[in-house]
Amino acid sequence: MASASSANLNAVRETMDVLLEISRLLNTGLDMESLSICVRLCEQGINPEALSAVIKELRKASESLKAPENCTN
């Protein structure tokens with residue numbers, strides 16, 4: 001049983017490593033933790049396109065909050 005569990009864990013790690021490499025090639029800006037969260041959300045039925053739109057909006061909002069900060073420094 002431990003062997004099957006270990007093999008499954010290794011398969012998950014390998015899959016996440018491949019997904020992270022694809023993510024980097026596509027310049028998504030997602031780190032392993034963020035990518036892992038996105039994968040789990042998609043596995044739970046979240047629409048990937050909607051998730052992508054939310055991430056883009058959050059990045060825009062983050063940049064707009066940083067912009068005034070840069071002007072004062």
Side-chain angles (χ1 to χ4, degrees):
M1 184 79 171
S3 179
S5 177
S6 177
N8 187 34
L9 184 59
N10 286 338
V12 169
R13 284 187 183 141
E14 185 176 330
T15 300
M16 286 307 299
D17 287 342
V18 169
L19 288 174
L20 183 60
E21 185 62 28
I22 292 169
S23 174
R24 287 182 179 149
L25 290 171
L26 295 172
N27 295 320
T28 64
L30 296 174
D31 60 10
M32 180 62 93
E33 182 180 7
S34 301
L35 183 61
S36 178
I37 292 168
C38 290
V39 168
R40 280 186 263 146
L41 288 170
C42 290
E43 287 174 342
Q44 293 178 9
I46 299 296
N47 181 325
E49 291 179 18
L51 182 57
S52 173
V54 168
I55 291 170
K56 288 177 184 178
E57 286 299 316
L58 288 171
R59 285 184 176 162
K60 283 182 190 176
S62 176
E63 287 301 315
S64 68
L65 291 174
K66 288 179 184 177
E69 190 176 284
N70 290 338
C71 292
T72 59
N73 289 335

Worksheet entry | Hydrophobic cluster partners of L58 (side-chain heavy atoms under 4.5 Å) | V54

Worksheet item: What side-chain hydrogen bond (donor to acceptor under 3.5 Å, both in side chains) pairs are there with at least one residue in residues 40-59, not counting sequence neighbours?
Response: S36-R40

Discussion item. Suppose we screen for side-chain contact (heavy atoms from CB on, under 4.5 Å). Which residues come up paired with T15, at least two apart in sequence or across chains?
Written reply: L19

Worksheet entry | Qualifying residues under side-chain contact (heavy atoms from CB on, under 4.5 Å), relative to N10, sequence neighbours excluded | S6, R13

Show me the donor-acceptor pairs within less than 3.5 Å that the side chains of residues 23-35 make with the rest of the protein, sequence neighbours left out.
unit_1 : atom_1 : unit_2 : atom_2 : d
S23    : OG     : T28    : OG1    : 2.3
T28    : OG1    : S23    : O      : 3.3
T28    : OG1    : L30    : N      : 3.2
D31    : OD1    : E33    : N      : 3.4
D31    : OD1    : S34    : N      : 2.7
D31    : OD1    : S34    : OG     : 2.7

Worksheet item: Could you state the interatomic distance from CG (L51) to SG (C38), rounded to the nearest 0.5 Å?
Response: 4.5 Å

Worksheet item: Is it the case that one hydrophobic cluster holds both M16 and I22, taking links as side-chain heavy atoms less than 4.5 Å apart, direct or via other members?
Response: no

